[in-house]
Undergrad: 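The structure is given below, and queries will be raised subsequently.
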Amino acid sequence: MYKLRRYQQEAVDSTLRHFRRSREPALLVLPTGSGKSLVIAELARIARGRVLVLAHVKELVEQNSQKFESYGLKAGIFSAGLDRKERDEKVIFGGIQSVARADSSFFADFSLVIVDECHRVSGEGGTQYTEVLQKLLSQNPTLCVLGLTATPYRLDTGWIYQTHHHGVVQTTEDRFFRRCLYELTLSEMIQGGYLTPPVQIDAPVASYDFSSLALKNGEHAYRLADIEKILHDQSRVTPSIVQNIVELSKERRGVLIFTSTVQHAREVLSLLPEDQSALVLGETEGSERDELLRNFRERRIKYLVNVSVLTTGFDAPHVDVIAILRPTESVSLYQQIVGRGLRLFEGKSDCLVLDYTGVPHDIFRPEISDKKPFDDATRVRVPCPQCDHNNEFWGVTDSKGEVLEHFGKKCKGASINPESQEILPCGFRYRSTYCDSCNSENDYGAERCVECGATIVSAEMKLKDAASAPDTHVMRPDSMLFDQKRDKKGRERLEVRYYDLDGQFLSEIFFFESDSDAKVFFYNFSRMHNRLPERTLRVRSIEEALLSRDQFRMPIYVIARKQGKYWRIREKIFL
């Protein structure tokens, strides 16, 4: 019988509290190496009804079932890969492919389903997980659905749950999993002594140049043909990379090498010490694969090369070098790869992560949903003036770390009703989209106005329409200048000029002769240009505008239309 660690027991307790009050699907976030299988085993052990535990590979099915049986309890396994199709036990550990093909009687009488690696559950229909969960819920209306994952996000949709137990709204879009009940970060695991610290080394000595790789419209993975072409064109780099891996691994125990293609993997294997190396591919026959993995775990070989095979369900705690020779657009996959080297092992003080792609991810602070807007942007904390939640946005700081500007759109904070556990989003908008029909504020990305119902035209469509319209000029400004001038009647005015790289400019004029003029400046300039929108800028004179110029941001695009002999600015597009 295992004794749960503190955080494992906390994860179990949070699950029990949730399902006593709600039947909304929920998940736990526990890093690779945290012992998810023990949490699964404990929940299955104490569950009152029948339990189904789903996984996508036979290794995870077997690993989870073995942990459960270590309690001295019996479990059934429903997996063609393990040559077992048992269905009568209280707890069944099943492979998703096999369960998806089971007849309807299999799905009856379950009270809890646990999905391991639940980031594989897509919100879209037609997948095996979606079909299985629909069958289970149709026959068991009060079913509790719990997911476990180390990486709660997907490349296509971002976060896979809506709200966090700390009172954070990760997304307002619909998700199958409603709430994260408990999360233990990778940093906390390392600080607690439960995982080995990674030492990330980007592009040591030599690396491939994958900078030309880009996702095509509607695609969520790099094209294999594009990767193969780059590797072919840069094949001379591979020997230097392999030599560097061998050199840095002299005093190391086990080296896992992740390559891009089968041809690439075989090339890498040919450059490694023959008697210390092996290759595992998706096509490697089952018994041969098992023998190779056993030889690696027992340290008969030192280098193990693979292509997308050993990212999940594979444990070799002695691994202390991870070499990444494949580009990945997925931070989730990147974390799974690095996680193979973070398990504790006697005498192991760290794990070298050698990245030869030039496009590494930050495994401690992954970029989810909002991509880095430009190279110099940094993560900044921005307190909400309405609920005091500390939001984390991309922004710009000065040399002292003071926030000069941020690009946050909406507060992610929320309050939790202690009785109903309902999560109420704060909803404070840092920046808004304004309706062209009624000028009402709407969330960024809104398609219809919440006040009048009019369609809100996106910035992309405005630019597209402007580019094709006659008598319309689209400028990408390089600078924004303020100047105090007088018109022909002698009236003082503020002129704001936007210059492009060619020195051409567009301008807009503001007067400050009355309170009404000051309001015009606020609505047409201040509220859009404010670098820190949580701080209201009330400018009442040209002098105040000139003094505040550093607090205003410059638009990415300015759209002007010809009006008589002059250009008049009609739209400004911001980051």
Side-chain angles (χ1 to χ4, degrees), residues 2 32-38 40-41 53 55-70 75 77 79-84 93-95 97-98 116-117 150 195-196 242 245-246 249-259 262 264-266 268-326 333 336-348 351-354:
Y2 288 90
T32 301
S34 61
K36 292 195 300 292
S37 57
L38 288 176
I40 292 171
V53 181
H56 69 289
V57 292
K58 69 174 185 177
E59 288 83 3
L60 280 176
V61 174
E62 189 170 39
Q63 177 181 302
N64 289 334
S65 65
Q66 287 174 348
K67 282 291 189 295
F68 179 76
E69 290 182 341
S70 71
I77 289 180
S79 168
L82 296 173
D83 199 27
R84 293 171 65 177
F93 292 86
Q97 296 89 349
S98 299
D116 198 2
E117 305 290 347
L195 287 179
T196 302
V242 175
I245 293 172
V246 173
S249 303
K250 281 183 177 179
E251 306 301 322
R252 298 279 164 164
R253 297 176 175 83
V255 183
L256 268 183
I257 302 175
F258 292 84
T259 56
V262 172
H264 186 214
R266 287 176 174 149
V268 169
L269 180 67
S270 70
L271 297 167
L272 288 166
E274 185 175 357
D275 59 338
Q276 300 178 53
S277 310
L279 170 64
V280 176
L281 303 171
E283 62 198 44
T284 304
E285 195 272 326
S287 60
E288 181 186 355
R289 177 191 298 193
D290 291 342
E291 182 179 359
L292 289 173
L293 297 184
R294 184 167 54 253
N295 287 338
F296 182 69
R297 287 191 182 99
E298 294 175 359
R299 298 168 63 182
R300 295 192 184 96
I301 55 176
K302 181 175 181 177
Y303 303 92
L304 188 58
V305 185
N306 80 105
V307 185
S308 302
V309 175
L310 306 178
T311 55
T312 58
F314 171 71
D315 291 329
H318 75 286
V319 169
D320 50 6
V321 177
I322 298 290
I324 304 173
L325 282 67
R326 57 157 295 173
L333 178 58
Q336 295 283 358
I337 287 172
V338 173
R340 299 304 105 197
L342 303 187
R343 293 185 182 274
L344 299 177
F345 190 76
E346 185 177 354
K348 177 178 166 183
C351 176
L352 282 185
V353 180
L354 309 177

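All values reported here derive from a predicted model rather than from experimental measurement.
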Undergrad: Taking the side chain from Asn306 and the backbone from Leu281, do they hold a donor-acceptor pair closer than 3.5 Å?
TA: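 No; zero donor-acceptor contacts below 3.5 Å.
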Undergrad: Drop me the distance from Cys351's SG to Arg252's CZ, to the nearest 0.5 angstrom.
TA: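 So the SG of Cys351 and the CZ of Arg252 are separated by 7.5 Å.
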Undergrad: Side chain to side chain contact (heavy atoms under 4.5 Å, CB included) for Tyr303 and Val268? Distances and angles first, verdict last.
TA: CA-CA 11 Å; Tyr303 303 92; Val268 169; over 6 Å; no
Undergrad: Calculate, to the nearest 0.5 Å, the distance between atoms OG1 and CG belonging to Thr32 and Leu195 respectively.
TA: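 Here the rounded value is 8.5 Å.
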Undergrad: Could you tell me whether a side-chain N or O of Lys302 sits under 3.5 Å from a main-chain N or O of Pro273, the two making a donor and an acceptor?
TA: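 Judged by distance alone, no pair lies under 3.5 Å.
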Undergrad: Given side chains that start at C-beta, do those of Asp320 and Phe345 come closer than 4.5 Å, heavy atoms only?
TA: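 The answer is no, as the side chains (C-beta and beyond) never meet within the 4.5 Å cut-off.
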Undergrad: For Phe68 and Ala75, which heavy atoms make the closest approach, and how far apart are they?
TA: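 The pair with the smallest heavy-atom distance is CD2-CB, 3.5 Å.
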Undergrad: Could you give the distance from CG (Leu333) to CD (Gln336), rounded to the nearest 0.5 Å?
TA: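 Here the interatomic distance stands at 7.5 Å.
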Undergrad: Quick one: CD1 on Ile301 to CZ on Arg294, what's the gap to the nearest 0.5 Å?
TA: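 Ile301 CD1 to Arg294 CZ: 11.0 Å, rounded to 0.5 Å.
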Undergrad: If you take all heavy atoms of Ile245 and Ala323, which pair is closest and at what distance?
TA: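 Residues Ile245 and Ala323, closest heavy atoms: CD1-CB, 3.7 Å.
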Undergrad: Where is the tightest heavy-atom contact between Asp315 and Arg297, given as atom of each residue plus distance?
TA: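 Closest heavy-atom pair between Asp315 and Arg297: O-NE, 2.7 Å.
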Undergrad: Kindly indicate, with the supporting measurements, whether the criterion side chain to side chain contact (heavy atoms under 4.5 Å, CB included) is fulfilled by Leu293 and Leu304.
TA: CA-CA 8 Å; Leu293 297 184; Leu304 188 58; 3.8 Å; yes
Undergrad: Is the side chain of Thr196 donor-acceptor paired with the backbone N or O of Arg343 at a distance under 3.5 Å, no angle test?
TA: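 It does hold such a pair.
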Undergrad: Under the 3.5 angstrom rule, does the side chain of Ser98 hit a backbone N or O of Ala80 as a donor-acceptor pair?
TA: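 Pair found, side chain donor or acceptor close to backbone of Ala80.
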Undergrad: Where the side chain of Lys36 meets the backbone of Ala150, is there a donor-acceptor pair that is under 3.5 Å apart?
TA: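 No; judged by distance alone, with no hydrogens or angles, the pair does not exist.
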Undergrad: Indicate the atoms forming the closest heavy-atom contact of Ile40 with Phe93, along with that distance.
TA: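 So the minimum-distance heavy-atom pair works out to CG2-CE2, 4.2 Å.
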Undergrad: What pair of heavy atoms forms the shortest contact from Gly81 to Lys58, and how long is it?
TA: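 So the minimum-distance heavy-atom pair works out to O-CD, 3.8 Å.
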Undergrad: Does atom CD of Glu274 have more than 12 heavy-atom neighbours from other groups under 6.0 Å away?
TA: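 At most 12 heavy atoms, drawn from other residues, nucleotides or ligands, come within 6.0 Å of this atom.
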Undergrad: Once rounded to the nearest 0.5 Å, what's the spacing between atom CD1 of Ile324 and atom CD1 of Ile257?
TA: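 These two atoms lie 11.5 Å from each other.
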Undergrad: Given 3.5 Å as the limit, does a donor-acceptor pair link the side chain of Lys348 with the main chain of Val319, or not?
TA: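 Judged by distance alone, yes, a pair lies under 3.5 Å.
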Undergrad: What's the separation between atom CG in Asp116 and atom CD in Gln63, rounded to the nearest 0.5 Å?
TA: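 One finds 8.0 Å between CG of Asp116 and CD of Gln63.
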Undergrad: For Pro317 and Leu344, work out which heavy atoms get closest and say how close.
TA: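 It is CB-O, 3.5 Å.
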Undergrad: Glu251: which residues meet the side-chain contact (heavy atoms from CB on, under 4.5 Å) condition with it, sequence neighbours left out?
TA: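 Scan of Glu251 (side-chain contact (heavy atoms from CB on, under 4.5 Å), adjacent residues dropped) gives none.
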Undergrad: Checking Val309 against Thr284 for the side chain to side chain contact (heavy atoms under 4.5 Å, CB included) test, could you report, in this order, the C-alpha distance in whole Å, the side-chain angles of both residues, the deciding distance, and whether it holds?
TA: CA-CA 10 Å; Val309 175; Thr284 304; over 6 Å; no
